[in-house]
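Owing to the predicted nature of the structure, the values given are computational and were not obtained by experimental measurement. Chain letters run A, B, ... following the sequence lines, proteins first and then strands; every chain starts at 1. Values below: every heavy atom of this structure, side chains too, minus hydrogens, waters and symmetry copies.
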Amino acid sequence: MTRRGPQGLLISPIRHGTVIDHITAGQALNVLRILGITGTTAEEVSVATNVASGRVGRKDIVKIENRELRKEEVDRIALLAPSATINIIREFEVIEKKGVEHPRELLGVVRCPNPGCITNTAEPARSRFIVVSNGLRCHYCDWLISKEIAEHIL
Amino acid sequence: MRHIISVRDLERREIDGLLDRAGEIEARRFDPDLLAGRILGLFFFEPSTRTRMSFESAMARLGGVSLSMGSVEASSVAKGETLADTIRVVSGYVDAIVLRHPREGAARLASEFASVPVINAGDGAGQHPSQTLLDLYTIRQSMPLDGLRVGLLGDLRYGRTTHSLAIALSLYKAEIAAIAPKGLELPSGIIHELAGRGTVVSEYTAVEEVIDDLDVLYVTRIQRERFPDVASYLDVASSYRITPDLVRCAQPHMIVLHPLPRMDEIDPGVDALPNAKYFEQAHHGVSVRMAMLSEVMG
Ligand SMILES: Nc1ncnc2c1ncn2[C@@H]1O[C@H](COP(=O)(O)OP(=O)(O)O)[C@@H](O)[C@H]1O
Ligand SMILES: [Mg+2]
Ligand SMILES: [Zn+2]
């Protein structure tokens, strides 16, 4: 059997790692932030934004070399890019493909926008948000983040 | 361990259970030594005479003893101790903690560090479940809680008492009429949350539009600080004033509630009408808090 080369690739293929496809256009950098991947972490990352795609019009794609994302990491993405698909790559092949599911809660991912919240003090309280139908609710102060979730990422 | 932190945590049967127990207590069917030998710790990081006294009274009536933290300035908090550490330490001194704190979420945090039950007696602009329970209790004294049409009046944007009450009422299939001046409307997040809980909210800017259709009118303060100048405040305040004539337009069974203290929102002429229940509401505070204390320590 011959290995089908990945088609329409804008960036070079990776041997091992994760491809996050069908990201809501414009959200790729936020997806990286919510995954805790920044310029100072070790991963080799490539990003394509505003790529034409039949399924979602325009989309972003993120490829992370040598890292297979865990389920709870992947699910954080659902908040920013509910139609994203996660492709785990080994030896250049997609060996696993999955959608993202809304997590039940987010621990240590977003900062509570309520300045009066106990989590915005010196208290040993880790940010904890419950995912509700219209956004994220602070476990401590009940504050609701209903839009621009990415702006509150820690 | 049983904590009472937010009405969002409570299921209908739990609320019913607490209200039933408060009813038993008010009918003098309770053991006055139920909490004998127990110690309640009152930690008020913010002044509140009434809530503190009603918890002290409730504890005394159940045979227990209360200890107060005293002023914040005199405590180790002034030395910069975290609430988490304070709570860990005092958990060894008392059998339950009643906490009032200026920060939202403080009670939830305290419950995570306490080794005894925590009751939230108000956290900043956040939750104050004992107020909500006594609001529900007062309504239930006049009529069954199911399917009521409840008008919330006043500053619905910042007034979280009304938010907690509406959330609790959604467990009883209430319909909510949100009556607020421009700029102080019920936040859309709450409206959406209520919708998710099966409760329809209709919005009004004038109480006259809806008063004849209500079972309960819950009046709250409109604070002067929310307005740019005194004139615009007075303008709004006068149109949100409940007068005897207005109450006469309502159905005879409609009751008027207010968490107190009231300022000018309710004309003193209303006090003598059978519809006025706000002083009774305040009196139920002790029975409801006795029910809460026996729930967490009994
Ligand atoms: N070895 C690889 N390196 C980088 N990207 C890859 C690799 N293999 C597949 N991809 C990308 O992963 C995504 C999913 O791949 P595939 O399952 O082949 O396509 P599709 O989901 O479009 O049917 C596509 O964006 C594809 O370009
Ligand atoms: Mg494709
Ligand atoms: Zn918060």
Original post:
Does NZ or CZ of B/Arg289 come closer than 6.0 Å to the centre of the six-membered ring of B/Phe55, within 45° of the ring's axis?
Top reply: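 Cation-pi check for B/Arg289 and B/Phe55: passes.
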**OP:** State whether A/Phe129 and A/Arg137 meet the cation-pi test: NZ (Lys) or CZ (Arg) under 6.0 Å from the six-membered ring centroid, and within 45° of the perpendicular axis.
**Re:**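 So A/Arg137 doesn't make the cation-pi contact.
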Quick check for you: among [options], which has the greatest number of heavy-atom pairs under 4.5 Å with chain B?
| options | result |
| --- | --- |
| A/Ala125, A/Pro124, A/Ser133 | A/Pro124 |
| A/Ala122, A/Ser146, A/Cys117 | A/Cys117 |
| A/Asn114, A/Asn120, A/Asp142, A/Ile118 | A/Ile118 |

Subject >> Heavy-atom neighbours of A/Arg33 CZ exceed 12 at 6.0 Å >> reply: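 Counting other residues, nucleotides and ligands, CZ of A/Arg33 exceeds 12 neighbours.
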**OP:** Please say whether more than 12 non-hydrogen atoms of neighbouring residues, nucleotides or ligands are located less than 6.0 Å from CD in A/Glu44.
**Re:**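 Check fails, neighbour count at 12 or below.
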**OP:** May I ask you to check whether B/Gln281 and B/Asp135 show a side-chain donor-acceptor distance below 3.5 Å?
**Re:**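 Checked: B/Gln281/B/Asp135 side chains pair up, N/O donor to acceptor below 3.5 Å.
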**OP:** Please state whether the side chain, the backbone, both or neither of A/Arg128 comes within less than 4.5 Å of a heavy atom of chain B.
**Re:**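 Only the side chain of A/Arg128 comes within 4.5 Å of chain B.
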Original post:
What part of B/Ser111 lies closer than 4.5 angstrom to a heavy atom of chain A: side chain, backbone, both or neither?
Top reply: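 Neither part.
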Subject >> Which of B/Gln127, B/Glu112, B/Arg160, B/His163 touches chain A most, by non-hydrogen pairs under 4.5 Å >> reply: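 Looking at each option in turn, the highest pair count goes to B/Glu112.
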